[in-house]
Amino acid sequence: MAIFLTKESKVLVQGMTGAEGMKHTRRMLAAGTDIVGGVNPRKAGRAVDFDERAVPVFGSVSEGMAATGADVTVVFVPPPFAKAAVIEAVDAGIGLAVVITEGIPVHDAVAFQAYARGRGTRIVGPNCPGLISPGQSNAGIIPADIAAKPGRIGLVSKSGTLTYQLMYELRETGFSSAVGIGGDPVVGTTHIDCLAAFENDPDTELIVLIGEIGGDAEERAAAYIAERVTKPVIGYIAGFTAPEGKTMGHAGAIVSGSSGTAEAKKKALEAVGVRVGSTPSETARLVLDRLAASGDVTHN
């Protein structure tokens, strides 16, 4: 199985006809994603050829859903128009909206996250790499060739770069799903959402949690792990060398005193039994050691 995204998912791409949308639509199709349409009101009725597949362009998300049965949208719409694009998808009743766009104003993100809450749409992002269920589907910009092998590791990460690195380090073991939730101050799907989904996924044996300095998301995840998660969790926190009292642009994080530091997050996770690596490579080794101990993998 997988979480949130499977081989049955039918995917629309909002902004498919732009440069980024075109590039990544081609990559998603190559990874086996069932992309059933693009959305661009100015180019509705056309089709875009991607190698041997012609993908139709619809005037709205609701039109695309009605014509194709789509249940996922990937948003590549520029920042000034992203809020409207997400709200349009929510109004159409889409099940999952993966918001790749970087640089969306925080007040816009707050607005569309609040709008989606309670209306049945899960949002992943914004400013995220998306998610991939290897061998099934890929919604976003995660390079499929670093994670071509399905497996029993579930990954949730704030950092796109570290998502790629851990997937590469563990490529021979494989993943059930990997979710890049994004590092902006306001995101839709959280560490806790993914922990809950992986806990309930019978094909996920072990969970990798990647966090970053700033905020308290990792501390809240630690509390959730203590109460609700029975599967082993291995962690990594980016930012051990960051100076205190500084604003970190990548995650929009403010580190002040011991609050939000990598060390504080590491201690919170370790207190509930999560082993935390000091580097991505050490984190991968901890994963392999834990799986080997349970008989699920052997070292080369």
Side-chain angles (χ1 to χ4, degrees), residues 4-29 31 33-50 53-105 107-133 137-141 179-182 184 186-189 193:
F4 309 150
L5 187 73
T6 72
K7 63 182 179 181
E8 307 299 329
S9 299
K10 296 182 181 299
V11 180
L12 293 173
V13 181
Q14 290 174 264
M16 185 183 76
T17 57
E20 290 299 305
M22 291 279 287
K23 177 174 68 176
H24 291 294
T25 296
R26 190 178 302 278
R27 289 179 174 178
M28 287 186 281
L29 284 166
T33 307
D34 186 11
I35 295 181
V36 295
V39 178
N40 184 331
R42 293 173 296 176
K43 298 184 179 180
R46 304 183 189 180
V48 179
D49 289 326
F50 292 95
R53 179 165 179 174
V55 178
V57 180
F58 299 99
S60 67
V61 175
S62 59
E63 180 185 336
M65 289 176 65
T68 66
D71 53 3
V72 177
T73 183
V74 184
V75 180
F76 287 99
V77 175
F81 313 108
K83 173 185 171 183
V86 176
I87 287 177
E88 177 191 336
V90 173
D91 282 341
I94 201 82
L96 173 65
V98 183
V99 187
I100 306 300
T101 308
E102 181 179 3
I104 296 174
H107 57 81
D108 283 0
V110 170
F112 67 66
Q113 303 286 10
Y115 191 77
R117 196 171 298 120
R119 287 180 168 84
T121 298
R122 171 179 297 282
I123 294 177
V124 174
N127 188 18
C128 74
L131 63 160
I132 183 171
S133 298
S137 190
N138 182 5
I141 63 174
V179 186
I181 61 175
D184 276 6
V186 178
V187 296
T189 297
D193 295 327

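This chain uses plain numbering: 1 for the first residue, then up along the sequence.
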Just by modelled atom types, is the [Y] backbone N or O under 3.5 Å from a matching donor or acceptor in the [X] side chain?
X: Arg53; Y: Ile35; answer: yes
X: Ser133; Y: Thr6; answer: no
X: Asn40; Y: Arg42; answer: yes
X: Thr121; Y: Ala116; answer: no
X: Thr33; Y: Asn138; answer: yes
X: Glu88; Y: Val61; answer: yes

Would you mind reporting whether Pro126 and Thr101 have side-chain heavy atoms less than 4.5 Å apart?
no
State, with a plain yes or no, whether a side-chain heavy atom of Ile141 is found less than 4.5 Å away from one of Pro129.
yes
State whether Lys10 and Asp71 are salt-bridged, where the test is any N-O pair (Lys NZ or Arg NE/NH1/NH2 against Asp/Glu carboxylate O) under 4.0 Å.
no
How about CZ on Phe50, more than 12 heavy atoms from neighbouring residues, nucleotides or ligands closer than 6.0 Å, or not?
yes
With a sphere of 6.0 Å drawn around CD of Glu102, does it hold more than 12 non-hydrogen atoms of other residues, nucleotides or ligands?
no
Run Val74 and His24 through side-chain contact (heavy atoms from CB on, under 4.5 Å) and show every step you take.
CA-CA 10 Å; Val74 184; His24 291 294; over 6 Å; no
Please determine which of Val99, Val75, Val98, Leu96 meets the side chain to side chain contact (heavy atoms under 4.5 Å, CB included) test together with Ile123.
Val99
Ignoring hydrogens, what is the shortest heavy-atom contact between Gly37 and Phe58? Give both atom names and the distance.
CA-CE1, 3.9 Å
Working to the nearest 0.5 Å, report the span between CD of Gln14 and CD1 of Ile94.
8.0 Å
Between the OG1 atom in Thr25 and the CZ atom in Phe76, the distance rounded to the nearest 0.5 Å is 6.0 Å
So Val36 and Leu12, side-chain contact (heavy atoms from CB on, under 4.5 Å) or not? Walk me through it.
CA-CA 6 Å; Val36 295; Leu12 293 173; 4.0 Å; yes
